[in-house]
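Notes follow the structure.
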Amino acid sequence: MPQVFAYLRVSTDAQDVANQKHGVVRYCIDKKLLEPVFVEDTVSGKTDWRDRQLGKMIRGAGEGDVIVVSEVSRLARSTLQVLEIGRECIEKGVQLHVAKNGIVFDNTMQSRIVAVVLALVAEIERDFISSRTKEALAKRKAEGMKLGRPVGGAKNLKLDKHADKIDGYLAKGINKVAIAKLLDVSPNTLYEWLKVRRSDKAPIISP
C-alpha cells in the first residue's frame, strides 16, 4: 500500500516545526491523503538535496508513494534544485506535493507543464546572474578598479611575526637558505615573503 511521507527541514525554532506540521496535516486532510510519516532534517538548505534526508527518502520511496512538504523553500534554495527534485520523483512514480503553493509533481500533463515552466525559470535565473556579474565587472573595470585577486596575496603572512628577525639576519649578510633554516620554514616560503613584503626595498643579498 502506498505511503505518505512529510519532509520537514527544520531549524532550532520549535515554532517553525509546529507550523510546518500543521500546514502538512491540514493539506493531507483536505486532499484525503493518509496520515503522513514525518521525517525531520536539521541540515542547511545549502546542502545538496541528494545528501539530505530528502534524497534518502526519495531513493527509498516506491511507486505510488507521496511526499508532502509545507512550502517550496523547505525543498531547496534554488528553482533548479526544486526542478531536479520534482523530476526525480516523477521518474520514480512518486508524487511530490507542496502544500502552501499547491504544486504537485506527478505524471499528469499539468505537472509536466509546471516542470517545463520551472526549467525555463531556472534558465532565465542563470542568464540574469551571468548578465549581472558581467555588468558589475565591466563597471568596475571602467571605473579603473583592478579585477581579480589583489596583488600581494593574504593580508597576514606566516612570516610577518618574524619580520624584525629577518631584517636583522639580512643586515648581517646571512644567506636566505640559512635564514629559512633558522625560522624553520622552507626557502620558498621565505622567498615569497620577501617578494611580497620587501620588494619595494633595495635588492637583498642572494643566497
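Note that the structure is predicted; figures quoted are calculated from it, not measured.
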Report, as yes or no, whether the 6.0 Å neighbourhood of atom NZ on Lys92 holds more than 12 heavy atoms from other residues, nucleotides or ligands.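 Enclosed: over 12 neighbouring heavy atoms sit under 6.0 Å from NZ of Lys92.
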Are more than 12 heavy atoms, taken from residues, nucleotides or ligands other than Asp30, located less than 6.0 Å from that residue's CG atom?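 Enclosed: over 12 neighbouring heavy atoms sit under 6.0 Å from CG of Asp30.
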Drop me the distance from [X]'s [atom1] to [Y]'s [atom2], to the nearest 0.5 angstrom.
X      : Y      : atom1 : atom2 : value
His97  : Phe105 : NE2   : CZ    : 11.0 Å
Glu84  : Gln81  : CD    : CD    : 6.0 Å
Lys165 : Ile174 : NZ    : CD1   : 12.0 Å
Glu91  : Glu63  : CD    : CD    : 13.0 Å
Ile58  : Trp49  : CD1   : CH2   : 5.0 Å
Leu34  : Gln3   : CG    : CD    : 9.0 Å

Contact between [X] and [Y] at the side-chain level, heavy atoms closer than 4.5 Å - yes or no?
X      : Y      : result
Leu194 : Leu170 : yes
Tyr191 : Val177 : yes
Val94  : Ile67  : yes
Leu8   : Lys21  : yes
Ile85  : Val82  : no

Do [Y] and [X] meet the salt-bridge criterion of a basic N to acidic O distance under 4.0 Å?
X     : Y     : result
Glu71 : Arg9  : no
Glu88 : Arg50 : no
Asp41 : Arg74 : no

Is it true that the side chains of Asn188 and Ser186 contain a donor and an acceptor less than 3.5 Å apart?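 Side chains of Asn188 and Ser186: no pair found under 3.5 Å.
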Hydrogens and angles aside, do Gln20 and His22 bring a side-chain donor and acceptor to less than 3.5 Å of each other?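 Absent: no donor and acceptor within the cut-off.
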Between [X] and [Y], which heavy-atom pair has the shortest distance, and what is it?
X      : Y      : answer
Pro2   : Gly64  : CB-O, 3.2 Å
Leu190 : Ala180 : CD2-N, 3.9 Å
Ser70  : Val24  : N-CG2, 3.8 Å
Val66  : Val68  : CG1-CG2, 3.9 Å
Val25  : Phe38  : CG2-CZ, 3.7 Å

Checking side chain to side chain contact (heavy atoms under 4.5 Å, CB included) against Leu96, which of Val104, Ile90, Leu75, Asp65 comes through?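 Of the listed residues Val104, Ile90, Leu75, Asp65, the side chain to side chain contact (heavy atoms under 4.5 Å, CB included) partner of Leu96 is Leu75.
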Flag, side chain of Arg52 to backbone of Val43, donor-acceptor distance under 3.5 Å: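 Between the backbone of Val43 and the side chain of Arg52 there is no qualifying donor-acceptor contact (under 3.5 Å).
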Can a donor-acceptor pair be found, under 3.5 Å and without considering hydrogens, that links the side chain of Asn101 to the backbone of Ile103?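 Pair absent, no side-chain N/O of Asn101 close to backbone of Ile103.
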Any chance you could lay out the side-chain contact (heavy atoms from CB on, under 4.5 Å) test for Val185 and Trp193, step after step, and finish with the verdict? CA-CA 11 Å; Val185 297; Trp193 185 88; over 6 Å; no
Check the pair Asp167, Arg198 against salt bridge (Lys or Arg N to Asp or Glu O under 4.0 Å), reporting the backbone distance first and the verdict last. CA-CA 9 Å; Asp167 289 339; Arg198 297 296 183 264; 3.0 Å; yes
